Amino acid sequence: MDTNQIKTKFEQADQFLDAAQSELNRPAEDVVPYMVCRSTRKSISHYLKGFLLKHGTEFNEEDTVEILLNKCQTINSEFNDFDLSPLKFKRDDEYSAEFNEMQNCIDLATYTKQLVNRINHSI
């Protein structure tokens with residue numbers, strides 16, 4: 001297990017989450033929805049990848065969030081209740097311009113961070 005690689009994944013996840021939150025906090029007319037949605041999706045992906053690295057599970061960098069989540073579910077059942085439905089888009093080039101949907105995505109990324117941290121600290 002490469003602890004530097006794990007640390008980097010979690011740091012990148014935090015940076016993507018911060019970027020999404022900062023973007024959404026701009027004046028409404030200045031918000032770029034694509035940036036919010038892409039950053040939250042990348043944040044969730046990096047949190048899950050960091051979790052998988054910590055548990056010695058292989059993945060491809062191109063794996064979708066859904067694939068990564070399935071791998072996490074095989075490691076810990078707490079991921080079974082993880083609901084990706086706030087991510088109404090499947091690819092990085094898809095996004096929602098609705099404020100509530102963007103906020104829901106940020107909330108999901110924040111939940112992902114909390115879940116991964118809780119599981120990692122309970123082991």
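What's counted below: heavy atoms across the whole structure, side chains too, no hydrogens, waters or symmetry copies. Everything numeric here is computed off the predicted structure, so don't read it as measured data.
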> Would Leu52 and Ile75 count as a side-chain contact (heavy atoms from CB on, under 4.5 Å) if you check the C-alpha gap in whole Å, the side-chain angles of each, and the deciding distance to 0.1 Å?
Replying inline: CA-CA 8 Å; Leu52 292 171; Ile75 296 169; 3.6 Å; yes
> Are the ring centres of Phe51 and Phe10 closer than 6.0 Å?
Replying inline: no
>> If I take atom OG1 from residue Thr112 and atom CG from residue Leu68, how far apart are they, to the nearest 0.5 angstrom?
In response: 11.0 Å
> Is the shortest side-chain N to carboxylate O distance from Glu62 to Lys49 below 4.0 Å?
Replying inline: no
> So Leu108 and Phe82, side-chain contact (heavy atoms from CB on, under 4.5 Å) or not? Walk me through it.
Replying inline: CA-CA 9 Å; Leu108 182 62; Phe82 194 98; 4.0 Å; yes
> Rounded to the nearest 0.5 Å, how far apart are OG1 of Thr8 and CD of Gln15?
Replying inline: 9.5 Å
>> Pair Arg41, Glu66 - check salt bridge (Lys or Arg N to Asp or Glu O under 4.0 Å), show working.
In response: CA-CA 11 Å; Arg41 190 167 187 83; Glu66 293 79 10; 3.5 Å; yes
> Atom NZ of Lys54 and atom OG1 of Thr3: how far apart are they, to the nearest 0.5 Å?
Replying inline: 9.0 Å
> When you look at Phe59 and Leu48, which way does the side-chain contact (heavy atoms from CB on, under 4.5 Å) test go after all the steps?
Replying inline: CA-CA 10 Å; Phe59 58 86; Leu48 297 177; over 6 Å; no
> Does a salt bridge link Lys71 with Glu58, judged by any charged N lying under 4.0 Å from a carboxylate O?
Replying inline: no
> Considering all heavy atoms of both residues, which atom of Lys9 and which atom of Gly50 are nearest to each other, and what is their separation?
Replying inline: CB-CA, 3.9 Å
>> If hydrophobic clusters are built by linking Ile, Leu, Val, Met, Phe, Trp and Tyr wherever their side-chain heavy atoms come under 4.5 Å apart, do Leu115 and Val65 end up in the same one?
In response: yes
>> With a 3.5 Å distance limit and no angle check, can you tell me whether Ser43 reaches the backbone of Ala13 through a side-chain donor-acceptor pair?
In response: yes
> Out of curiosity, Tyr47 OH to Tyr111 OH, how far, rounded to the nearest 0.5 Å?
Replying inline: 14.0 Å
> What heavy-atom pair brings Val116 and Phe79 nearest, and what distance separates the two atoms?
Replying inline: CG2-CZ, 4.1 Å
> Judged by atom type as modelled, is there a donor-acceptor pair below 3.5 Å linking the side chain of Asn104 to the main-chain atoms of Asn100?
Replying inline: yes
>> How close do Pro33 and Val31 get, counting heavy atoms only, and between which atoms?
In response: CD-O, 3.2 Å
> Are the side chain of Ser39 and the backbone of Val36 linked by a donor-acceptor contact shorter than 3.5 Å?
Replying inline: no
> Does any N or O in the side chain of Asn117 come within less than 3.5 Å of the main-chain N or O of Gln114, such that one atom is a donor and the other an acceptor?
Replying inline: no
> How many angstroms lie between SG in Cys72 and CD in Glu78, if you round to the nearest 0.5 Å?
Replying inline: 12.0 Å
>> If you compare all heavy atoms of Thr40 against all heavy atoms of Cys105, which two are closest, and at what distance to 0.1 Å?
In response: OG1-CB, 3.6 Å
> Any donor and acceptor pair, going by atom type alone, linking the side chain of Glu23 with main-chain N or O of Met35 inside 3.5 Å?
Replying inline: no
>> Grouping I, L, V, M, F, W and Y whenever their side-chain heavy atoms are under 4.5 Å apart, do Leu69 and Ile6 come out in a common cluster?
In response: yes
> Can you check side chain to side chain donor-acceptor pair (under 3.5 Å) on Gln21 and Asn25, steps first, answer last?
Replying inline: CA-CA 6 Å; Gln21 290 172 324; Asn25 288 335; over 6 Å; no
>> Run the side chain to side chain donor-acceptor pair (under 3.5 Å) test on Asp14 and His46 for me, step by step, so that the C-alpha distance in whole Å, both residues' side-chain angles and the decisive distance to 0.1 Å come before the verdict.
In response: CA-CA 9 Å; Asp14 288 341; His46 278 68; over 6 Å; no
> From Glu101 CD over to Ile106 CD1, what is the distance, rounded to the nearest 0.5 angstrom?
Replying inline: 12.5 Å
> Is there a donor-acceptor contact under 3.5 Å linking the side chains of His55 and Asn76?
Replying inline: no
>> Testing the basics here: between Ile44 and Ala109, what is the closest heavy-atom pair and its distance to 0.1 Å?
In response: CG1-CA, 3.6 Å
